[in-house]
Structure formats: structure tokens, C-alpha cells
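By convention in this document, chain letters (A, B, ...) are assigned in the order of the sequence lines, proteins followed by strands, and residues within each chain are numbered from 1.
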Amino acid sequence: MIDLELLRKEPARVEENLGRRRNPEYLRLLSEAREKDAAWRACLLEADGLRRKRNELGRAIAGARTRGDPSETLDAEAKSIPQSMKEVEAREAQLLAARDALLLRIPNLLDDSVPFGKDDSENVVVATWGEAVAGAPGLKPHGEILEALGMAEFDRAHRSSGSGFYYLKGPIVLVDFALQRFALDLLIERGFTPVVPPYMLRRAPYEGVTDLADFENVMYKVEGEDLYLIATSEHPLAALYRGEILDEDRLPIRLAGVSTNFRKEIGGHGVDQKGVFRVHQFQKVEQFVFCRPEQSAAFHEELRTNAEEVFRRLKVPYRVVNVCTGDVGTVAAKKYDIEAWFPRQKAYREVVSCSNCTDYQSRRLGIRMGKAGRTGKVVPHTLNSTAVATSRALAVILEQYQRPDGSVQLPEVLRPYLGGLRELTPVAAS
RNA sequence: GCUGAGGUAGCCUAGCCCGGCAAGGCGCCAGCCUUGAGAGCUGGUGGCGGCAACGCCACGGGAGUUCGAAUCUCCCCCUCAGCGCCA
């Protein structure tokens, strides 16, 4: 949620910023929210006046009765108030609810450094690492390799659970866990506290962390319960301190979330329909930070550096893009994507998303910061970034490290976590 | 799932039976005192609206009764404890 005070004081600035998202709907929401706010304030004044009168009369009646001198005139006058109050108070509540509902649908304000553009084709490359070398002609898609190795069941998973699901079997499971542990150790070394969060959240906290449209498009809802399966551990981590005042002396808070993530909508189908690149369920180690407002730009770079380090150590070439205004999403003020080089597809594809959400999530979640024992009005900033999503990392490793004979070498950096396993070779079919 | 106890300001608590301006403590801030810190003493302390004077609001949420609800009635939510079930 954007800052209401800012909207009142500098509406032109807010409007200009929202305009950069090139969606006229947002400007409409904005002007409507301003109208409702003004109407609400006028209505509040009116209601306050009535309440004042009621309180004064109430006190007069109580006083008269204490003196043993009840007044019928006062009683009669007091009786006439509730009727008019009912109407005004209903209008006031309705205006406030309408304003807040509008505010919840307005996206975050964009950072000035976000490039202007219509969609992901206009994202701006800000860094590249490693050499993007096209793979040999015989390279197989990662899903085919997994099946050939006997380490995945796609057809059976599609029958048991539907498309977008998979069984991983055998040594590839160890690689999945190794990736998570490798990323987690790297983050712990850099001051992050590992966290296994709830994999389901109630609706109210969930509305604090995400775009309302996600509820229909992205999230799985548990039938008969007020619970949603998490789409990323970012969400329960953001909700961890909902409604609390963070002690500013204990900021920043660096958390490393480890979870399975569930997503209903998984995007278009392409070359790698069979595989783990786009799936309804995957493991991820996530970076999350609560910090002072003035620090968030620096932390955004820190999270990006950590994520880059994961892929450098895996020796997977990548590039970093500054995601443009049309592609940045509702919650983020600025977002970097890291795109790994897939040598068979001869393309860079997204493996990491790294966002500075500024005060948007904190404000929706009612999180403030302050000194111990005092109430804070300052709203802390939140940031999140993938460290590693194993589905995507496995996909790129299976392409990058594939050998002509169909076996797959494993990244050296994972060896401490693999108990002597150095390569993937076919296992007996079952 | 059953039974019980609860939800009051940044935190902890009283008030509820019996309706009439929400009391106290901790913490925090300021002043006094002190070589300094602490202690002690005094005052202050949340949100919203308003240029301001000031007003209103705030007792989990909603509805009702009433001139007036933390307090009475109804519905709902959440937390904790015990029991049950369970990897």
C-alpha cells in the first residue's frame, strides 16, 4: 500500500510515478481513492460533531440524574440523535472501506532507476558473467535427460497429479538437496538466519504480501479452510512480524527461507514442456530482509550479489537485467532478474528474481519500526530475492554440464553435499 | 474435534457480576537532583480529523438493546490450557 500521507501532500508526484506503469487503470484507481478520501474526511467531521453532541448530552443526563433531578427535555433531545448518527456513520464507514479497498489495488511506487518499457523485451541488461556459448547440436532438453537417466517420472506424475507435476527419483534428489544446502550455507555465512516457515497462510496476512490478483491466478486454496499454499517463502517471512513494531536497534533482519512453493499458474508452454522449468511445485531458498528505509537500496545490491555468487560458484553463465516498468510487478519498487544461460536453448532464462519492495508490504502488514518501548511511525522496508530455486537450477545444470554420452557431470561446489557423487549416470529402470 | 480460560494503549494488568469521561504498573521521553551512570522526584506518553482552538476515536471483529456499552444480548474471529486424534 502506498503512503496515504504522501498521496495527500504530493498527489502529482504519485500520479506521475504511477503513470510510468503505463496502465490507465491505476490512475483511475488513484483519483477515485483521492475522492473517497476527501469525502470520508468531510463525513468524519460531520460524524464527529454529532458524536460530540451525543457525549455532551449524555454527560448532562448523567449529571442531572446524579443530582436527583432528571430532565425530560434533555432525554427527549438525546433521543433524536441516534437516528441521524446512524445514517452518517454508515456513510463514513462505507467511504473508508471504499478508499482502503482502492488503495490496496494501487501498486507500489517505482524507483527512478527502473527503465521505462512495455514488457520483458525491454528489460535492460546491467551485468553479464561467464561466456554464453551455444551448446553442441546433440544436447538434449533437461527433461529428456532426466528420463533417460531414470531419475524422473513425468508421464506418471501427470496421470497422478496433472501436468506441471513430477517425480524426481534417485541421485537427482541428492543434487536437489545439495543445491539447497549449498545456498543456505552461503547465506548463513553472510549473516542470514535460516527459517522453515509455514507452507500455508491465512487470507488476511496473505493480502499484506502480494497482489490481490494472485489469489485467483497463482495461489492454491485449501478447500473448506481459510488457508492458501504459499507461492514462495517470501510470503510467510514477510508476514512473520505482522502488526508488530520492530526494534530499530535490531535491524536489519536477514532471513533465509527454505520451503516448497506452490503455484497454480505457471506460464506459457514452450520447448521444455516436459521437465521442471515450469512446475506447480518446487523447492527454493529465499533471501528476505527487513531494514531501515534509507538502507534498502544498498540491501537490494547485497541480495543481488549473493544470488549472483550462487551461480558463479556453480559456474553457470548468467546476465542480470533491470526489470522495466511494464514488467516489474505490483509489489516491487525495483526488480533485478538473473537469467542463466541455457546452452541448448541458446537463451538466457530467468532463475532469480530480486526485489526491493520498499514500504509497500510493511504498510499493508501493519509493520512499523521504533526504539524499544516507543511507538514508531516509520515503516521499515522489505526486500526479497531467490538464492536458488532448485527446479530452475537443476534445469540449467542438466544442460550446462551434459556430456555427449548422456551422463551429467556435477558442479564441484556441490561435492561436500553429495557424499562422493560426482556425476549422474543412468540408473536401472523400474 | 471436545471442554475451559482469555483477547484492554509499545508491553503487563484492573475495571465487566451491578451501563455514566478507561485506573494502575513497566518501558520510553523530558526536567530536577547527581562528578557520571543509576536510583529518587515531577511532568509527559496511542490513532484519526482539523490551519488552529479543539474534537472524535481506541477495550479482538460485527450486529443489537440504550440518551449513553469495555460492561448487557446475539453472531463471528483469534490465542492459550487440558483432553482426544496424529507423523
Side-chain angles (χ1 to χ4, degrees), chain A residues 1-11 33-103 196 198-208 221-228 236 239-251 253 260 290 292 359 362-380:
Chain A
M1 188 156 59
I2 61 172
D3 185 357
L4 184 59
E5 225 167 296
L6 181 72
L7 177 57
R8 284 174 184 164
K9 282 186 187 150
E10 303 183 56
R34 287 186 65 202
E35 275 168 36
K36 297 285 181 197
D37 185 49
W40 170 74
R41 287 199 278 180
C43 191
L44 184 66
L45 218 59
E46 201 181 327
D48 275 1
L50 280 171
R51 279 191 281 255
R52 179 181 190 171
K53 196 169 171 198
R54 179 199 64 194
N55 291 343
E56 282 167 356
L57 280 170
R59 278 194 289 269
I61 291 173
R65 294 201 179 170
T66 312
R67 286 194 308 273
D69 177 29
S71 154
E72 279 178 29
T73 336
L74 279 177
D75 285 10
E77 197 180 344
K79 274 194 217 286
S80 71
I81 291 190
Q83 190 53 40
S84 41
M85 275 221 356
K86 207 165 191 166
E87 187 273 321
V88 177
E89 283 190 330
R91 193 150 44 87
E92 185 207 323
Q94 190 266 324
L95 285 167
L96 185 66
R99 181 197 77 184
D100 289 346
L102 289 163
L103 283 175
V196 175
Y199 286 11
M200 300 178 210
L201 284 182
R202 290 184 173 137
R203 171 115 195 176
Y206 224 131
E207 284 183 349
K221 165 118 175 63
V222 179
E223 198 180 340
E225 303 275 344
D226 176 25
L227 286 172
Y228 294 81
L240 177 59
Y241 299 115
R242 187 164 88 108
E244 294 191 36
I245 294 174
L246 303 180
D247 182 348
E248 64 182 43
D249 293 333
R250 301 184 69 169
L251 293 177
I253 297 171
T260 302
F290 292 95
R292 295 159 182 268
D359 58 2
S362 295
R363 186 165 282 113
R364 288 168 77 120
L365 287 164
I367 299 172
R368 290 167 292 166
M369 52 179 271
K371 281 212 185 287
R374 296 176 67 183
T375 336
K377 270 198 94 170
V378 181
V379 178

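- Only the C1' atoms considered, B:U73 is 12 Å distant from B:U66, to the nearest whole Å.
- With C1' as the reference atom, B:A81 and B:U71 are 26 Å apart, rounded to whole Å.
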Is there any protein nitrogen or oxygen under 3.5 Å from a nitrogen or oxygen in nucleotides 62-69 of chain B, and what are the pairs?
from  : atom 1 : to      : atom 2 : distance (Å)
B:C67 : OP1    : A:Lys79 : NZ     : 2.6
B:C67 : N4     : A:Arg65 : NH1    : 2.9

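- Residues meeting the salt bridge (Lys or Arg N to Asp or Glu O under 4.0 Å) test with A:Arg203, sequence neighbours left out: A:Glu207.
- By the side chain to side chain donor-acceptor pair (under 3.5 Å) test, A:Glu46 pairs with A:Arg91, sequence neighbours left out.
- For A:Arg202, the side-chain atoms get nearest to B:C78 when compared with the rest of B:C78, B:G10, B:G49.
- With sequence neighbours excluded, the residues satisfying side chain to side chain donor-acceptor pair (under 3.5 Å) with A:Arg363 are A:Asp359.
- In terms of the side chain to side chain donor-acceptor pair (under 3.5 Å) criterion, residue partners of A:Arg8 (sequence neighbours excluded) are, by chain and number, A:Asp37.
- In terms of the ring-ring contact (aromatic ring centres under 6.0 Å, His included) criterion, residue partners of A:Phe290 (sequence neighbours excluded) are, by chain and number, A:Tyr241, A:Phe288.
- When base pairs are accepted only as Watson-Crick or G-U wobble with both N-N or N-O distances under 3.5 Å, RNA chain B takes part in stems of 3 or more pairs at B:1-7 with B:77-83, B:10-12 with B:24-26, B:27-32 with B:40-45, B:46-49 with B:54-57, B:60-64 with B:72-76.
- Applying the side chain to side chain contact (heavy atoms under 4.5 Å, CB included) test to A:Arg54 and every residue at least two apart in sequence or in another chain returns A:Arg51, A:Ile81, A:Met85.
- Applying the side chain to side chain donor-acceptor pair (under 3.5 Å) criterion to A:Glu10, with sequence neighbours excluded, gives A:Arg13.
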